Amino acid sequence: MCEKARVIVRMLQGCNSMNKLRKIHSHVIINGLHHHPSIFNHLLRFCAVSVTGSLSYAQLLFDRFDSDPSTSAWNYLIRGFSISSSPLYSILYYNRMLLSSVSRPDIFTFSFALKACERIRSIPKCLELHGSVIRSGFLADAIVSTNLVRCYSANGSVEIAFKVFDEMPVRDLVSWNAMISCFSHAGLHHQAFSMYNRMGNEGVCVDAYTIVALLSSCAHVSALNMGVMLHRIACDIRCESSVFVSNALIGMYAKCGSLENAVGVFNGMRKRDVLTWNSMIIGYGVHGHGVEAISFFRKMVASRVRPNAVTFLGLLLGCSHQGLVKEGVEHFEIMSSQFHLTPNVKHYGCMVDLFGRAGQLEKALEMIHTSSCHEDPVLWRTLLGSCKIHRNLELGEVAMKKLVQLEAFNAGDYVLMTSIYSAANDAQGFASMRKLIRSHDLRTIPGWSWIEIGDQVHKFVVDDKMHPESALIYSELGEVINRAILAGYKPEDSNRTAHTLSDRCLGSADTSHSEKLAIAYGLMRTTAGTTLRITKNLRVCRDCHSFTKYVSKAFNREIIVRDRVRFHHFAGGELIVIRVLYSLGVLLKLSPQDSLKGKVRETGDETIIDTEVVIMVWNKNITETRKSTKEKRRIQTPEIAET
DNA sequence: CTAGGGTTAG
């Protein structure tokens, strides 16, 4: 290399902006050095892969280069495009390389091309690259084959991803993590767990990435015991203070119904990001605790973390479930006016639910019309649900007609509409629904509930007879029902209400609903005082809701039921709200009415608590219940730490 | 001379 070229290469190594690069480039051209391979590579490298580079300039350089680019030159371009907004170009350059260059792809080329393929969502390209990887013998490279696993996974082909993984000659920790994430994303949570077990058997250690992926699966299937175990492992390998791990832990605890522990993790964090706050707000939202969600939202804004669309989803969810119409509307408005976020279908869905649940059905309808998504069946279905609650036949018919017109009707819609007709004693309408059901051969989704006991998950369906301890469970359930009745439970009379008609025709008369079986089993198999956590796929019916409430009183147990959309938290025969004064580490359990009546208020720098509500003090693993007194207590709120 | 991974709603 001549002295001039050496100087230019040194200049390029120190280059930090496109302006400088352009100057150097013209200098190169003047000196007639633009076909010098080393200089070309350095120019290309800066344009294609540095943060301040320019991919279009890289293309320009590439097109004007008149000898055959080296593999590394191709790699720069393929790499640059693979992480750009147009990954397709990455593939185009890869194809061009194969067809027009003497330079052959190496392991790096495949890594970058696979990364691009992961983002363009094309199974045929995946298969083609897979073939080339095999032919070139690079399948033995752990990174290349892990990229292949990710590629199939991102394209929705879990089976092939697993096959590639299973046949990998060399695997490392990242490969295992990729496979676990793949299962977790695909909703195959138990497969994700079994990968973890296999890792243990093969002596592979886990890291923070493994834990985050597994925690996400725990959150989805409410596997609290598994989640707690992962929390312990995170502490053992000292990654529990990573923001990723902490956020995943908060999400897991909140979705497993343990807000106490979610708050515990939240309090211990040194750094918090949007996801940290969102996880807490969503946690409160899905528990139906709008007031608390709003309080977290205020603290979030005060600590200068910018809320995003998901933040507002959590807020609106909490407001609609707690019946906070005014607050919901307020936050829906500031979402766009103050935070410049555009509401999407899900936000409109929450608003329709907010108005509908509160009985303001006309406003709910208006919301659908003013939204940008008035053809979305979910919104109409939400309205239909509200019409059922408030027994509004006219609007119910409007919603149902719309669903039929959109060809989006399902069995659930028919169930709702049928019960609206029944409630209105409209035999004709009822008959027309039956006809529709027959002609479309629609089946309802079977309901099931599960409960985690030890490391086992027990799943129940309606009138379940499959469980090995079935007989015992039914005799226990009889006993439980009797004790609940003594505590005040009134089983819903199936002959009295309008439900009868629809229940009979749909085969879901109020027999032993799956959550009743799960509760009976939980009472049998856990020691006195243990909290029961039930998860179910549908909504909890009114009778089971009331049943659970009285069981919590009769057996003195906290029972937390997670249904399709929210949590129901029962204790002492009440539906309760957990109010956390997180800056104090104080945890209050009170009824939603108390919360609404403002028995806990934060005014300026102090918090006022009416102590007739039950107070629990949260302190690491110790919870202590203090009995109420009638006087008012004033507690100084200290500065919020580390925000 | 250059590679791979992560968390939130329904």
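Owing to the predicted nature of the structure, the values given are computational and were not obtained by experimental measurement. Proteins get letters first, then strands, A, B, ... in listed order; numbering begins at 1 in each.
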Any donor-acceptor pair, under 3.5 Å, between the side chain of A:Asp172 and the base of B:dG4, if you only look at N and O atoms? yes
Ignoring backbone atoms, establish whether A:Ser111 has a side-chain N or O less than 4.0 Å from OP1 or OP2 of B:dT2. no
What contact category does A:Leu114 fall into here, base, sugar-phosphate, or nothing, at under 4.0 angstrom with non-hydrogen atoms? nothing
Step-by-step side-chain hydrogen bond (donor to acceptor under 3.5 Å, both in side chains) determination, A:Ser70 to A:Ser103: CA-CA 6 Å; A:Ser70 62; A:Ser103 309; 5.9 Å; no
Check: A:Asp68 side chain, A:Val102 main-chain N or O, donor-acceptor pair, under 3.5 Å: yes
If the cut-off is 4.0 Å, is A:His185 near the phosphate of B:dT7, judged by side-chain N/O to OP1 or OP2? yes
Closest to the A:Asn147 side chain: B:dG4, B:dT2, B:dA3? B:dG4
Does a side-chain N or O of A:Arg150 approach OP1 or OP2 of B:dG4 to a distance below 4.0 Å, or not? no
Hey, is A:Phe108 stacking on B:dT2? Ring centres under 5.5 Å, planes under 30°. yes
In terms of side-chain heavy atoms of A:Ser216, which of B:dC1, B:dT8, B:dA3 is nearest? B:dT8
Which part of the nucleic acid, if any, lies within reach of A:Asp207 when heavy atoms closer than 4.0 Å are counted: base, sugar-phosphate only, or nothing? base
Given the ring of A:Phe108, does A:Arg79 sit roughly above its face, with NZ or CZ under 6.0 Å from the centre of the six-membered ring and within 45° of the axis? no
Please step through ring-ring contact (aromatic ring centres under 6.0 Å, His included) for the pair A:Phe296 and A:Phe266, ending with a clear verdict. CA-CA 11 Å; A:Phe296 266 90; A:Phe266 182 89; 5.5 Å; yes
